[in-house]
Amino acid sequence: MKIRVVLSCVALSLPASMAVPSMANADTSTGIASYYWQGRSTASGERFNPSAYTAAHRSLPFGTKVRVTNLRNGKAVVVRINDRGPFVRGRVIDVSKAAASELGFTGSGITRVSLAVID
């Protein structure tokens, strides 16, 4: 009980900007996106293809399609979740280099995005 109360107090004391949104029970979310380009196997077992419109998300099921919209320029792309991540605090999604290029943020490496699960 004591631990639960302490954790609740810590969670309530965090500023909203540090909260990491989860899409486990939501259709939309906003946060920071980054991209990756290294060739390796993904958590789903596929070989990573930087030219495909794919992404890594912490909790969405593999195969889920997500519309990612860059909030700085309004550009959007649909990606398929095939990996787990991102593993950097405060980020909500890692997209492939092709998706980042389409969204217009390969120069900066990160951008603020909104995510919407596509049915």
Got a second to check how far [X]'s [atom1] is from [Y]'s [atom2], nearest 0.5 Å?
X: Leu115; Y: Ser29; atom1: CG; atom2: OG; value: 5.0 Å
X: Phe62; Y: Arg84; atom1: CZ; atom2: CZ; value: 4.0 Å
X: Ser114; Y: Arg67; atom1: OG; atom2: CZ; value: 9.0 Å
X: Glu102; Y: Ser96; atom1: CD; atom2: OG; value: 10.0 Å

Test side-chain contact (heavy atoms from CB on, under 4.5 Å) applied to Ile81 and Thr64, Thr54, Val117, the passing residue: Thr64

Does one side chain, of Asn82 or Ser44, offer a donor that lies under 3.5 Å from an acceptor on the other?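 No donor-acceptor contact under 3.5 Å links the two side chains.
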
Leu71: hydrophobic cluster co-members (side-chain, 4.5 Å): none

Non-hydrogen atoms of Val78 and Lys65 that approach each other most closely: CG1-CB, 4.1 Å

Which heavy-atom pair separates Ala98 from Ser51 by the least distance, and what is that distance?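 Heavy atoms of Ala98 and Ser51 come nearest at CB-O, 3.4 Å.
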
Step-by-step salt bridge (charged side-chain N to carboxylate O under 4.0 Å, His left out) determination, Arg40 to Glu46: CA-CA 9 Å; Arg40 59 182 174 83; Glu46 296 176 38; over 6 Å; no

Do the side chain of [X] and the main chain of [Y] share a donor and acceptor less than 3.5 angstrom apart?
X: Tyr35; Y: Thr106; answer: yes
X: Ser41; Y: Gly45; answer: no
X: Asn70; Y: Leu103; answer: yes
X: Arg58; Y: Pro86; answer: yes
X: Asp83; Y: Ala43; answer: yes

Step by step, would you call Arg112 with Thr30 a side chain to side chain contact (heavy atoms under 4.5 Å, CB included)? CA-CA 7 Å; Arg112 187 148 179 79; Thr30 61; 3.6 Å; yes

Would you say that Arg91 contacts Ile110 through its side chain, given a criterion of any heavy-atom pair below 4.5 Å between the two side chains?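 A side-chain contact exists here, since the closest heavy-atom pair is under 4.5 Å.
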
State, yes or no, whether a side-chain contact exists between Thr111 and Ile32 at a heavy-atom distance under 4.5 Å. no

Would you call the rings of Tyr36 and Phe48 parallel, tilted or perpendicular if under 30° counts as parallel and over 60° as perpendicular? parallel

Hydrophobic cluster membership, Tyr53 vs Phe105, 4.5 Å side-chain cutoff: yes

